[in-house]
Every structure is written in structure tokens, then in C-alpha cells.
Amino acid sequence: MEFKETASGLLNEALDFLSDLRLRMSVEGFMKKLLQAALVLVPGFDMGSVIMEDKDGSYRYVAWTGFKEDLSQVKIPPDRVLIPKGRNPVVIERIYEWDNEFLSGEELKVLKSAGTNRIRKTIAVGINVEGRIVGGFFLDSSLDIEPTEGDLKIVKVFARIASIFATMKLYQERERGYQREIILAMVKAMEARDPYTVGHSERVAKYAVTLAKEIGFSEKDIDRIFWGSMVHDIGKLAVPEHILLKPSRLSPSEFEIIRRHPVVGEEMIKEYPWLEGIRSIVRNHHERWDGKGYPDKLKGDQIPPEVRVVSMADAFDAMTSDRAYRKGISLPEALREIKKQEGKQFDPDVVKEALNVLPEVYKEIYIFQISS
Ligand SMILES: [Fe+2]
Ligand SMILES: [Fe+2]
């Protein structure tokens, strides 16, 4: 009776784990939870690991439990990896003997000191994506016990969950790739309508990313700054060509239409969940530090830091490149203008970095363009 209670308690715990699994989790986080839940359900098995194929074709440990070492740096060449081919789990005796035979050097050393020598029995099964093995799911026991049919079934189910997750991740990545191409094509289409803005988004991205790196933004923020820069003017697709290309002064109503592009742009990217983090860059890249910008008249710290960086990069490129209605100004003139706008149009902290960073990138862009 007591055993039953414990077993059902463990089962509940495992089910809690499982209900907590989400596609948004990293592969590492997901597999770790899966492994822990499987160990709860298969008695006598106290260690486990999940290996997955890496981009270079070798296999790496994405999750492990019960080992004494960090296995994240252990890489196994594809011709040395031991994963059963079929969909059914296989029981392997003393798996470390395989390691001793096929692995060497640092890899073997880490695995040994992690305690693989203690393993007596392993239940191993492959992780499949679109019919191809891309990983392995392993439960290990330091006891010399024979897993039951039930144990093997549980492991099979868990490997299946791992396979589904890996497949979904692949689809997610593919879809993201398509979406990126769609977005970049839209940016190209937008720029193509106005010969003066060809390359603008890409240059803004270059200025902004370099500036962000110098200021010390995190990698994640820099990624957002890159995409935000690429996409920031996408709302200009909705501006009629006769306004966009007008060489003379715009009327107030025409000006108003142009000024709508940040809001229209935000509207356009709303349907892409992965662009959620850059909405503010698109919507607010024409705000000013002194609150006199548009569309929300944000002021100072109300403007998110990544937006301030893109605004600076955008303004700098706008100043230094030709437009339908005026010629671009020289680098020294642009730098003087930035200095003049410190605390007015621009965040003073960003200005400080911009004066150092932007000339370098400017030279890189234009020297490269001339010589290529
Ligand atoms: Fe803009
Ligand atoms: Fe722009």
C-alpha cells in the first residue's frame, strides 16, 4: 500500500513536470525536465543523459542528471556515437566499455570522471526527426537490474516526446527562416520605391549594432536592435509614391502621411510573434529625447534604450545620405549636428558613444562602397 502511494506520488510529480513542458523552452531545459520525469517513473535508474546532433554533425550532451561533471563540452564524433537505430529502446550492459573502446582524449577523461564507470545498465533509444536519428535518450542504472517491459515502454514514450519536441523546434526554425526572408523582401520592396533610400535600413543596422556593442548591450538586445533597424521604416510601404519621391516641399497633409509610417509599420509586424521585441523600435524611432518627436511624444527615459540607439543611427544615416529633396551633409557636419542635438533630439549618453563609433563605421561603409 505504502509503495503504491509513493508510486502515485512520484507519478504525480512526473506528470507535473510533463504538464509544465513548453515549446518555448530551450532544448536543454526541455530535455532536462524530460529526463528527470523519466527517472522518477523508472525505478532503479538513477542517472541519464540526452545527446543531440550539433550543426557540425557531432553530438553533444544537452541534458544529463546524476553525473559528477558538466558534460556540455563533451563532443562525440558522428562515427563514434552509440544510438540504437530502431524505435524501440535497447538495453546496453556497461556502456562505458563502448566509451573506452571508441572515445579518447579529453572527452573520455570527462566522461570517466563524471562517473560513467559506475553504470551497469542503460536503456537507450533514438530521438528521430523526419525519420532521421538526431539524438539519443539514455537512462542509466548503477545497479545490475533488469528493466521491465513497463520500464522500456515508458522510455519509448519519453523518447517519442523528445522526438516531437525536436521536430517542432525544427519547424519553428524553418518558419522563422521563411518569415525572415519575407520581412527582408518587404524591406527591399520598400527601399526600391525610392532610389535614395536603397541600403538605408542595412546601414542603420550597421551603425546601430556597432553602437550598441560599444555601449554594452546584451546579445539578445543587439539582435533586437539589428532586426529593429532592418525593419524600422517598413511602414513607408504605405506612403504613396508621389509623396515619397516628391522633390519639392511637402504640404502639411502630405507630411502627415509620411509621419504615419512608424505606426503603420508597427501594425504591419504585429502578426509576427518573433518581432514582438522590436515593435517599440519601429513605432518610436522618431521620438526625441526632449519629447518633441512622434508618434507618442515620449521623453527621456520613457524611450527604451534600444530605441534611442536606432534613432541615432537612423538620423545619422539620413543626414549623411542624399534624399530626393536635398543632398547629404559631410561627416564632420553630421558630427557637429549630433553634438548640437545632444539633450534635444538625442540622449546625451548615446551622443557620447556615437561621436566615437559612427565615424569609424561611416568610413568602413563608404570606403568599401567606393572600392567595390
Ligand atoms: Fe523612419
Ligand atoms: Fe529611417
Side-chain angles (χ1 to χ4, degrees), residues 183-212 224-241 243-246 250 252-270 275 278-298 303-329 331 334 337-338 341 344-347 350-351 354 357-358 361-362 365-366 369:
I183 293 283
L184 292 179
M186 280 163 73
V187 170
K188 281 243 150 67
M190 180 268 293
E191 288 185 349
R193 297 170 70 217
D194 176 356
Y196 290 98
T197 59
V198 171
H200 169 65
S201 309
E202 220 167 303
R203 288 195 302 271
V204 172
K206 198 154 192 197
Y207 289 128
V209 165
T210 315
L211 193 51
R224 285 167 56 207
I225 286 170
F226 172 80
W227 281 100
S229 302
M230 288 306 290
V231 171
H232 74 280
D233 275 337
I234 198 139
K236 282 192 180 166
L237 268 174
V239 178
E241 222 149 285
I243 300 179
L244 206 60
L245 300 177
K246 196 172 175 185
L250 296 172
S253 66
E254 288 169 336
F255 200 58
E256 207 31 61
I257 290 173
I258 291 220
R259 278 167 58 109
R260 259 189 241 149
H261 78 272
V263 175
V264 173
E266 191 205 9
E267 206 54 50
M268 286 169 71
I269 61 165
K270 256 188 187 157
L275 291 177
I278 66 161
R279 274 199 213 164
S280 173
I281 294 178
V282 175
R283 184 181 174 93
N284 298 116
H285 71 273
H286 285 290
E287 305 287 353
R288 292 170 50 110
W289 185 251
D290 58 14
K292 291 179 186 159
Y294 62 92
D296 298 319
K297 297 193 169 55
L298 300 181
I303 309 167
E306 68 276 11
V307 178
R308 288 176 237 160
V309 170
V310 177
S311 294
M312 168 61 80
D314 183 34
F316 179 73
D317 188 63
M319 282 185 243
T320 51
S321 50
D322 297 340
R323 289 292 148 102
Y325 47 91
R326 57 146 179 81
K327 278 210 65 75
I329 60 176
L331 176 63
E337 182 59 25
I338 288 175
Q341 290 297 333
K344 294 178 192 160
Q345 184 175 354
F346 305 123
D347 172 357
V350 176
V351 167
V357 172
L358 296 181
V361 187
Y362 175 91
I365 290 174
Y366 289 98
Q369 281 196 353

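When a ligand or atom number is given, it counts from 1 through the structure's own listing order.
Applying the side-chain contact (heavy atoms from CB on, under 4.5 Å) criterion to Ala313, with sequence neighbours excluded, gives Val204, Tyr207, Ala208.
Contact check on Lys246 versus Glu254 returns a salt bridge, with a Lys/Arg side-chain nitrogen under 4.0 Å from an Asp/Glu carboxylate oxygen. One finds a salt bridge joining Asp347 and Arg308 here, because a Lys/Arg side-chain nitrogen approaches an Asp/Glu carboxylate oxygen to under 4.0 Å. Checked for salt-bridge contact, Glu191 and Lys188 miss the test: no charged N lies under 4.0 Å from a carboxylate O.
For the Fe ion (ligand 2), the count of nearby protein N, O or S atoms, meaning those under 2.8 Å away, is 4.
Annotation: side chain of Leu275 is in contact with side chain of Ile183 (closest heavy-atom distance under 4.5 Å).
In terms of distance to the Fe ion (ligand 1), the nearest N, O or S atom of His286 is named NE2.
Between the side chain of Arg288 and the backbone N or O of Lys297 there is no donor-acceptor pair closer than 3.5 Å.
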